[in-house]
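For reference, the structure is listed below as structure tokens.
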Amino acid sequence: MERVLFGDNQFFGVNHSSDEKARAQTIRFQEDDAIMAVLDTAIDEGINTFMCTTHDRIGDICNRIRGNEKYKDFKIYPCMPYAHKYANAVTELGYLGTIKQFVPGNIFTTFAKGGLAFMKKDFNELARLMIDAEMKMFKGIDTPVIWVQNVITDLLLGLGMTDFLVTYYNHIKEKYQAEPGFITMNLPLLLDTLEKAGIENPTICASINKVGFRMSGGIKKYEKVISQKRCRLVAMQVLAAGAIPPKEAFEYVCSLDGVESILFGASSRANIRQSKSIIDGNSVLVHG
Amino acid sequence: MIRAGIIGLGKMGISHCAILGAHPDVNLVAVCDSSSLVIEAFNKHSRFKCFTDYRKMVAEMNLDCIVIASPTKFHAEMVHFALDHSLHVFCEKPFVLNPEDAEILATKAERKNLVNQVGYHNRFLGTFNEVKMLLNMQALGEVYHFSGESYGPVVLREKGSTWRSQKGQGGGCLYDYASHTINLIHYLLDKPVDVAGTQLKRIFSNDVEDAVYSSITLSNGLSGQLSVNWSDETHRKMNTQITVLGKKGKIIADATEVKIFLKEANQLLDLKKGWTIKYLTELTSNVDFYLRGEEYSSQIDHFIKCITTAETNNKSSFRTASYTDQLIAKLITDSK
């Protein structure tokens with residue numbers, strides 16, 4: 001993984017500190033051209049990995065990138081699923097209706113014949129079908145790491161359904177020949193759980209910041225786990241939704257030996273350049 | 001360890017299930033759902049004992065507490081049953097369909113000294129608690145108006161086939177969305193007692209309303225507006241906002257930030273003249289297990305803490321939820 005990964009929250013109106021800022025961003029990025037322009041800027045500034053959710057609009061971005069010489073070294077790290085799409089569908093359509101809507105039609109009808117009975121027999125197969133549905137938009141794109149979103153990771157973690165995390169892990173390795181990644185808000189618990197399930201040195205993305213925001217169990221527990229280097233770690237929410245000034249925020253996370261990559265999102269060239277250069281400047285010492 | 005069971009594994013039930021499953025003081029032992037698909041999945045992939053009959057679950061599992069997250073029309077019957085078996089009860093919102101049942105159940109739980117809570121999670125949000133503190137400290141002086149709003153993208157097309165789209169079952173924007181807004185108004189300002197000019201609007205649903213607009217009066221005489229719409233796709237997810245206007249200034253708050261405008265600086269509260277913005281990051285403390293917002297974990301923590309410390313002064317009790325149910329009934333009557 002590259003040291004710096006570029007995120008997508010700013011494009012889709014996700015802002016953990018302000019719904020108002022989120023709305024302004026939604027307005028700014030309603031055309032794909034606006035998103036592409038920022039991605040081009042990130043590439044100019046030396047960032048070649050885009051970590052993004054499987055939002056419908058990413059499909060359009062993929063169409064622009066696919067086969068384009070300009071993006072031949074550009075990588076996408078998909079994060080699945082875009083949870084609100086499913087959560088709203090469950091409220092409106094129920095579980096079965098949601099499965100019907102999102103599992104591709106032709107695949108669904110193959111087991112719709114046996115209907116419910118088929119699904120009940122093999123929930124892991126259903127999970128694999130849903131992963132494949134989410135991955136469709138990335139066909140022909142370089143996706144060396146494929147992530148499962150924190151709401152799913154942590155849901156399965158809380159439910160104790162570790163076998164689905166293993167199913168995910170194996171399916172991504174086997175079918176996509178990619179590294180499976182787990183996004184989580186509960187790093188210490190997840191790491192213990194994955195190791196118990198036989199997954200060694202997993203790739204994990206977690207909230208890591210100087211003020212301890214969304215670091216479940218507390219910052220001390222996190223720092224201890226990070227220093228043990230039991231996983232390949234991506235730090236997200238490094239700025240704690242803007243609560244920490246960039247220099248201080250990146251210096252802290254760069255000082256943690258055990259963090260491999262840092263994820264951040266920004267909309268302007270100035271912010272992208274500043275963040276990248278602070279990370280690069282502070283990484284030389286630690287990573288040589 | 002508190003022995004817990006869950007009835008209903010829909011969106012909220014599953015969320016509670018994961019939070020309880022990871023809770024250090026809780027031993028979640030059983031789950032119950034009427035859907036064979038869901039129960040089969042839990043049977044095959046979870047460690048919980050699975051039931052399709054909640055009475056059987058209660059009879060067999062020696063529970064201390066129960067989380068009820070079934071469709072609203074079943075709440076009253078299930079809560080009665082749980083209280084009869086001396087279980088502490090966490091019930092999803094809205095509490096019950098008939099406000100008289102709400103009062104009976106609140107009294108019953110209080111008499112039996114059982115912990116009773118309804119899942120109004122906004123009461124556990126850092127931003128709204130900041131607003132409550134500011135109002136208690138008279139930051140705005142005499143308050144003369146409020147507005148409570150919730151918007152989100154639930155029903156965006158003319159279809160839908162769950163209990164939430166059916167009349168008389170606790171579906172519709174009024175029960176599902178507006179209950180949150182009403183309950184929050186109560187939590188921050190005072191008990192809502194009267195309504196006027198209510199409009200329940202159907203936008204895409206055939207059988208239930210998709211939007212609720214009304215004027216509300218609180219028991220302290222303060223009046224304000226309620227505006228709720230679950231067919232608004234300009235919001236990525238449910239967004240609840242409260243605005244309070246007073247003679248000394250104004251507060252606008254949602255789940256992520258509190259914006260305070262003061263005509264004059266308030267030294268006691270360390271607020272300057274003009275705008276002060278406070279963000280969730282500084283107003284929220286860490287939880288032991290995070291799933292989808294600190295408030296969902298915090299409300300369960302609170303419920304468990306009320307049980308372990310024998311404290312029945314619950315922050316979101318049946319009693320407070322019964323006032324929300326009463327107001328919902330008044331909104332329905334007023335709209336006719």
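Naming convention: chains lettered A, B, ... in sequence-line order (proteins, then strands); numbering from 1 in each chain.
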Non-hydrogen atoms of chain A under 4.5 Å away: do they reach the side chain of B:His235, the backbone, both or neither? side chain

To the nearest 0.5 Å, tell me how far B:Thr281 OG1 sits from A:Gln237 CD. 10.0 Å

Is the number of heavy atoms from other residues, nucleotides or ligands within 6.0 Å of CD (B:Glu282) greater than 12? yes

Measure distances from A:Val151 to the heavy atoms of chain B and classify the residue's part below 4.5 Å as side chain, backbone, both or neither. both

Residue pair A:Gly158 / B:Arg47: nearest heavy atoms and the distance that separates them: O-NH2, 4.4 Å

Is the number of heavy atoms from other residues, nucleotides or ligands within 6.0 Å of NZ (B:Lys250) greater than 12? no

Spatial distance of atom CG (A:Leu159) from atom CZ (B:Phe42) [nearest 0.5 Å]: 5.0 Å

State, to 0.1 Å, how close A:Arg214 and B:Leu280 come at their nearest heavy-atom pair, and which atoms those are. NH2-CD2, 3.5 Å

side-chain hydrogen bond (donor to acceptor under 3.5 Å, both in side chains): pairs with one or both residues in residues 157-167 of chain A, sequence neighbours excluded: A:Asn124-A:Thr167, A:Asp163-B:His45

For B:Leu20, is it the side chain, the backbone, both, or neither that has a heavy atom closer than 4.5 Å to a heavy atom of chain A? neither

Using non-hydrogen atoms and a 4.5 Å limit, figure out which bit of B:Leu9 sits close to chain A: side chain, backbone, both or neither. backbone

Between B:Ser297, B:Pro153, B:Ser285, B:Ala22, who has the most heavy-atom pairs with chain A when the cutoff is under 4.5 Å? B:Pro153

Let me know if A:Phe12 has heavy atoms under 4.5 Å from chain B in its side chain, its backbone, both or neither. backbone

Select one option (side chain, backbone, both, neither) describing which atoms of B:Val31 are under 4.5 Å from chain A's heavy atoms. neither

Look at the side chain of A:Asp154 and the backbone N and O of B:Leu291, then say whether any donor-acceptor pair between them is shorter than 3.5 Å. no

Mind checking the CZ-CG spacing from A:Arg23 to B:Asn239? Nearest 0.5 Å is all I need. 6.0 Å

Heavy-atom side-chain contact between A:Leu189 and B:Tyr290 under 4.5 Å: no

